[in-house]
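To keep things clear, I will list the structure first and then write my remarks on it.
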Amino acid sequence: MSKKVQIDCVCEMMEDPIGIDCPSPRFSWMSDSIVDQQKAYRLMVSQWKEMEFPVWDSGIVNSSQSHLVPYEGERLESGTRYYYQVTIICENAVYTSGTNKFFTGIVEERDWDPFWIGGAGVRNHSYLIRWPVKIRKPVKTAAAFVASPNYYLLSLNGRLCRDVRLNNARTEYSKTMLYETYPLRLEQGENVLGIEIGNGWHALELGERGIAKGEHIVAIQVRIEFEDHTVEWYGSSPDNCFYTDRVPDIRNSIYGGETYDARLEQAGWDSTGFFMTETMGWHRVFQQDSPGGIIRSQMMEPIRVMEEIKPKEIYESGDGSYTVDFGQNFAGWMRLMVWGERGRVISMRFAELMNEDCSVNECSLNGNHAVDCYICKGEGTEIFEPRFTYHGFRYVQITGLDAKPASEHLTGCVVYSSVKYIGGFHSDNNLLNRFYQSVIWSEKSNLYSVPTDCPQRAERVGWLNDMTVRNECALYNFRLPQFYRKWMGDIRDTQGNTSGAISDTAPFCRMGQKPADPVSTSFLLIPWNVYCLYGDRKILEENYEACKRWVSYLDRHSDNGIVRYSPMGDWASPKKWCDDRSIGAGAVSRITPTVFMATGFQYYNYVLLGKMAKVLGEQSDVCLFEKKARKVKTAFMQHFYNSRHGYFCNNSQGCNVFPLYLHMLQHEEEQQVLEHLLKDIMETNKCHLTTGNLCSRYVVETLFQYGYADEAFALLTQTSYPSWGYMFEHGATTMWERWEMVESYEGYSKMASFNHAMTGAVGVCFHKYLAGIRADENEPGFQNAIIRPVIPRKLRHVEGKVESIHGNFKCRWEFESDNRLKMAVQIPFNCTADIYLPVGWCSQAMVMTGGISVTEEFEKVSLDEGDYLHRNYMAGRYAFEVVSV
């Protein structure tokens, strides 16, 4: 008899995905209700929710595999909803999941070129396109597939087709174009598809400055399967589509905001029964050319409104304006409910800061003016919510109201790519908790189909140098394999066909240079970390050759093993340690040489390539990369290491920690370098860092790795400048870009945002060391985890969670008294974990479970991190007491 328990299933590691275009999608399942190991499974896929007439029935498969099981049934149909169900057979019970679903994109090859259309014009407003579709017989299923380099909204008969925003996902459009899939409920008879096209990234300069760099273009294909099982395809063309530029959205810019004149609305323009004429501004669309890229499905989570928050305070200023404080810096927009006479103009200015007079302070926007305007039509209750822009903000200054707005009429819409939050951390230290939440808010604010650097100023690009340290922390907190897989494609699209060089930002837009700074090891680290945390070889296979070409490029631009360029290095150290004359408003370190960092990362590149090659079975490459790594390491040590005094370069924190983090040293060398590092941190700089966006994480993580938990904890909880705690003491709710307050020093405010995910990279230590939950790269995908907390003396309690693709790993520890540590661990279904109980604080330890001593069941091990008792456990929930006796 099959038991019904909670079993969570995903297709291509996404919940109920829409737009699956691969012929053999992969399924995974997880459960916190099953405490057992799987012996066999059965997968069924059907077009019927009741699972009748399956298109694939795997039968009973004797296997423990519960992750990335490929579909092996008959060919999937395009634009079709499928249901799937798994039965799990364990030693003592059989479990069956509920019914899950996925919706396919275009499975077969389709030519998109004839379907590109648009309106004539170069004004910086949106365009409306109306496509009447007459259906002559009953419809079984239908779907629209929409490709556009502009942001757009798709509606059917007056209703939005999906709750997605800021589509399509941003790419290098001349190389890759992503289409989005929309299930449709077409009725027999008249139907109308409506498309409102904004500027987006394709027409960014048009939106900013009225410079016509690109048209408002779109291509749409509709597939209809009728109840008689016949299938027809329809495409957008000048023969069936109409457009108008007489629109209420009279201005839209990603950076600058939107202006919406509700008086210009044409009610029912995207519904049946609407009468359009040329005098109303409606004309046949024009055929347009494709941007040129390969068109494929947007196989990632779309951008959505993910949360809604209400104002914390509403302040009134003397000029009649009102400033709304949401109490949290975030990315998205404000939804406004208003009543006003026809023609009333309501203006909303967004910023991260507020002045003493309650006006917004825009100094962190770097000259960008983020303003939304709404012009009332005067017909009762009106609701405004922008469509083609987003802001990074905490405060909104509203002008044009005749009375103070009520809190219930204002809503902060928190917007980001709808990836699942999978992390969790809490401790008895309030500053650490605020730190963790700020890391999470900054990451959410910068997931916009690209891992952006900041959401508020006229930048918002995907910097590879930031992602070198940031990606692992993000992976411990959000389910990002498809998001990162897409971004790796963006990086590959920047790669030179001949040189192999990549660019600093991907897509390569607005900022950065090519070739990228050699610190851009994120190109290799992201596929490796996704593989380690999700067990997906595909991301290694897709990027291996491109990564080799990039590393070879750096090799050719090295002199005797030393990489000869790096413009950024360890970016954005405290002001005192930066070169005032350098790029980024003085963000280049003057105490940690950039080429030192570049060469260290080249060694790291070869180490990572060697690991990839081993997984992919490229044994000759393994040997080659090991040899290359030794060569770079030898050059690095000869060029930068002072063997007489036991430190690197000029003995800065960054210079000493980087080779320690990379494990480049012999034991005796490690001890000498560690002594110099600790002295500089704790004595010379009084428990403060002198490092930037890369080495700040490396310092804290290295201290944890070598057993200096108290020193690492002191850095994490330091509150005087420069420190992360200084940010929180000064009101931060997200991570700052610089260690300094924007206004605290002259000339630097042009490069200082208050929501910058890179400085939260150290947050990975919360899971890996304080909670002690780590992926085991020898058993990728959390098939086996390592549970090994590193405990500072001033911390009494921590609990952490990571939802792997198999289920939740949890670890909770607490000192019940000075001689008694309680530790609880959860290992999810079908997994194992190496549990390490910390005993370094004990003179002699006794381990009990349920009041019974089990000390003899553990192996005592001494590691750099400290002394532990170790044992491997199967799935289950375990509670331990470690008593000092």
OG1 of Thr141 to CZ of Arg185: how many Å apart, nearest 0.5 Å? 10.5 Å
Taking the six-membered ring for Trp, are Tyr390 and Tyr448 parallel (under 30°), tilted (30 to 60°) or perpendicular (over 60°)? parallel
Distance-only polar pair, side chains of Glu72 and Trp56, donor-acceptor under 3.5 Å: no
For Ser552, what residues pass the side chain to side chain donor-acceptor pair (under 3.5 Å) criterion, not counting sequence neighbours? Arg556
Indicate, with yes or no, if the rings of Tyr179 and Trp112 have centres closer together than 6.0 Å. yes
Are there over 12 heavy-atom neighbours, none belonging to Leu616, within less than 6.0 Å of that residue's CG? yes
Side-chain donor-acceptor pair under 3.5 Å between Ser174 and Glu172, yes or no? yes
Ser236 side chain vs Ile220 backbone, donor-acceptor pair below 3.5 Å: yes
Grab the two heavy atoms, one from Gly257 and one from Arg251, that are nearest each other, plus how far apart they are. O-NH1, 3.2 Å
Any donor-acceptor pair under 3.5 Å linking the side chain of Arg537 with the backbone of Val615? yes
Among side-chain atoms of Tyr255 and Arg510, is any donor-acceptor pair under 3.5 angstrom? yes
Which of Tyr41, Tyr83, Tyr84, Tyr82 passes ring pair (Phe, Tyr, Trp, His ring centres under 6.0 Å) with Phe27? It is Tyr84
Taking all heavy atoms of Thr104 and all of Gly79, pick out the closest pair and write down the distance. OG1-N, 3.0 Å
Count the heavy atoms belonging to other residues, nucleotides or ligands that lie under 6.0 Å from CH2 of Trp233, then report whether that count exceeds 12. yes
For the pair Arg170 (side chain) and Ser449 (backbone), establish whether a donor and an acceptor sit closer than 3.5 Å, ignoring hydrogens and angles. no
Please work out whether the ring planes of Trp550 and Tyr553 are parallel, tilted or perpendicular, with thresholds of 30° and 60°. parallel
Give the ring-plane orientation class for Tyr243 versus His283, where under 30° counts as parallel, over 60° as perpendicular and anything between as tilted. tilted
Checking Asn240 side chain against Gly235 main chain: does a donor-acceptor pair fall under 3.5 Å? yes
Asp536 vs Arg26, test: salt bridge (Lys or Arg N to Asp or Glu O under 4.0 Å). Steps then yes/no. CA-CA 10 Å; Asp536 188 3; Arg26 299 167 299 171; 2.7 Å; yes
Between the main-chain N or O of Val10 and the side-chain N or O of Glu15, is there a donor-acceptor pair closer than 3.5 Å? no
Can you find a side-chain donor-acceptor pair between Ser499 and Lys514 that sits under 3.5 Å? no
CG/Asp289: more than 12 non-hydrogen atoms of other groups inside 6.0 Å: no
Give the minimum heavy-atom separation between Ala613 and Tyr544, together with the two atoms involved. CB-OH, 3.3 Å
Heavy-atom donor-acceptor pair, Ser24 side chain to Tyr71 backbone, under 3.5 Å: yes
Enter the distance from Ile129:CD1 to Phe242:CZ here, rounded to the nearest 0.5 Å. 12.0 Å
Could you tell me the separation between the OG atom of Ser418 and the CE atom of Met300, rounded to the nearest 0.5 Å? 8.5 Å
Are Glu258 and Thr389 close enough that a side-chain donor and a side-chain acceptor fall under 3.5 Å? no
Sole residue of Glu232, Glu227, Glu77, Glu225 in salt bridge (charged side-chain N to carboxylate O under 4.0 Å, His left out) with Lys140: Glu225
Side chains of Ser78 and Glu108 only: does a donor on one sit below 3.5 Å from an acceptor on the other? yes
Taking Asn150 for the side chain and Ile217 for the main chain, is one N or O donor matched with an acceptor at less than 3.5 Å? yes
Looking only at atom types and distance, does a side-chain atom of Arg460 sit under 3.5 Å from a main-chain N or O of Ile254, one as donor and one as acceptor? yes
Are the side chain of Ser46 and the backbone N or O of Glu52 linked by a donor-acceptor pair below 3.5 Å? yes
Taking side chain to side chain donor-acceptor pair (under 3.5 Å) as the test, write out the residues that go with Ser445, two or more places apart. Asn755
For the rings on Tyr484 and Trp487, is their centre-to-centre separation under 6.0 Å? no
Is there a salt bridge (Lys or Arg N to Asp or Glu O under 4.0 Å) between Lys548 and Glu545 once you walk through the steps? CA-CA 5 Å; Lys548 285 170 60 176; Glu545 291 299 327; 3.6 Å; yes
Return yes if some donor-acceptor pair links the side-chain N/O of Gln482 with the main-chain N/O of Glu12 below 3.5 Å, else return no. yes
Working to the nearest 0.5 Å, report the span between CG of Leu464 and OG1 of Thr505. 8.0 Å
Run the salt-bridge test on Glu301 and Arg479 with the 4.0 Å N-O cut-off and return the result as yes or no. no
Between Tyr416 and Asn446, does any side-chain donor sit less than 3.5 Å from a side-chain acceptor? no
Run Glu180 and Arg162 through salt bridge (Lys or Arg N to Asp or Glu O under 4.0 Å) and show every step you take. CA-CA 10 Å; Glu180 185 63 293; Arg162 291 178 63 189; 3.4 Å; yes
Going from OG1 on Thr176 to CZ on Arg296, what distance comes out if it is rounded to the nearest 0.5 angstrom? 5.5 Å
Just to verify, what does Gln188 make a side chain to side chain donor-acceptor pair (under 3.5 Å) with, not counting sequence neighbours? none
Lys101 NZ: over 12 foreign heavy atoms closer than 6.0 Å: no
Do you see a donor-acceptor pair shorter than 3.5 Å between the side chains of Asn157 and Glu187? no
